[in-house]
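Atoms within each ligand, like the ligands themselves, are counted from 1 in listed order.
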Amino acid sequence: MIGTQGPNIVVIGSINMDIVIETPFLPEKGETIMGSEMRLLPGGKGANQAVAAARLGMDTSFIGAVGKDRFGEQMLQELNQHSIVQSLTVMPEEKTGVASIWIHDQDNRIVVVPGANGKITWPDIEARKSYIDRADVVLLQLEIPPDTVVECIKYAYGKGKKVILNPAPAHPLPEEIYPLLYTLTPNRQELSILAGAPEILTANDFTVLHMAMQKMIDKGLPSIMVTLGADGVVYMNASGHTFHIPGMKMDVTDTTGAGDCFNAALAVSVARGWSMKQAAEYAVAASALAVTKFGAQNGMPEAAEVEQLMERAY
Ligand code: RIB
């Protein structure tokens, strides 16, 4: 039960059916090629993060939206299987979100059709504000309308909650919300868009990256944690404290959902009251495990697996 004892988090975000296709190479414009495998798997950045947090042992609730269709019913069952307290708006006029995911060369390319995710409004969330009221940490992404996310941030901040925003996919945001966040967790590409710093996409050293992070801190962010995939994470806060946690070398099966796992593990650690460095180490280890299994939610590790990996690594 949420809120009975111990910390808990609420994830507000998207829920998709992932149509995952493995392909031996990527098609050129106008070309048709043969893929090797197709799977229908539960996904969506919001739902992935909720599942990851629950598997890490956190009391987790999820707020999102689905269409009144077969995919929506399947997604609901998935959340229930993970003991996630969910409150989904069922939108009869909309379809459940889908993501077309191409897996090639140990990496992915994703096109999302948001469906119901794209229609969720602040009044839909406000009707479920008790989930926010009782949470220690509120975790959001940008696969639901940014205006809705902004209202959630304002409400949660007003209630004294620690709000973590994973700005994926990147979208310009009103700068007034940055001071209201506990931390922002872009990847390199998202940071390049939010900070207007395309140079970080090709830079090999941390100086250029730090400059882009400082630009975000200058907008009022208390802290920022940039995920660098196999290279780990870099952190900076408004007092000028920075650290880098290197990535862990793993046998990669599928990177889909690794970023979601990172964000969930970070939120779980913050809810447990850990320092940002401890939280980053835990989140790096959790997301390292996530890439060793196929599928976004299927790859999310249990807390014991993360602890074992950390004992070996640190
Ligand atoms: O982060 C991975 C997720 O992005 C996939 O599960 C897909 O649904 C898209 O939302």
- Task: Taking only heavy atoms of E143 into account, list the atoms of ligand 1 that are under 4.0 Å away from them.
- Result: 4 (O), 9 (C), 10 (O)
- With a cut-off of 4.0 Å, which atoms of ligand 1 are near a heavy atom of G43? 6 (O), 8 (O)
- Heavy atom of the protein closest to atom 5 (C) of ligand 1 (residue, atom name, distance): D18 OD2, 3.4 Å
- Side chains of D124 and T121: is there a donor and an acceptor less than 3.5 Å apart? yes
- Item | Heavy atom of the protein closest to atom 3 (C) of ligand 1 (residue, atom name, distance) | N48 ND2, 3.6 Å
- Which pair of non-hydrogen atoms, one from M58 and one from N8, has the smallest distance, and what is that distance? SD-CA, 3.7 Å
- Under 4.0 Å from one or more heavy atoms of A99, ligand 1 contributes atoms 7 (C), 8 (O)
- Return the minimal non-hydrogen interatomic distance between I217 and M236, and the atom names on each side. CD1-O, 3.8 Å
- So the atoms of ligand 1 within less than 4.0 Å of a heavy atom of D260 turn out to be 1 (O), 2 (C), 3 (C)
- Message: Between E37 and F294, does the side-chain contact (heavy atoms from CB on, under 4.5 Å) criterion hold? Intermediate values first, please.
- Response: CA-CA 12 Å; E37 182 95 45; F294 200 91; over 6 Å; no
- Query: When only distance counts, is G44 in polar contact with ligand 1, meaning an N/O pair under 3.5 Å?
  - Reply: yes
- Query: Do any N/O atoms on K45 end up under 3.5 angstrom from N/O atoms on ligand 1?
  - Reply: yes
- Decide whether T256 and D254 meet the rule of one side-chain donor and one side-chain acceptor closer than 3.5 Å. yes
- Examine the side chains of Y178 and D218 and answer whether a donor and an acceptor come within less than 3.5 Å of each other. no
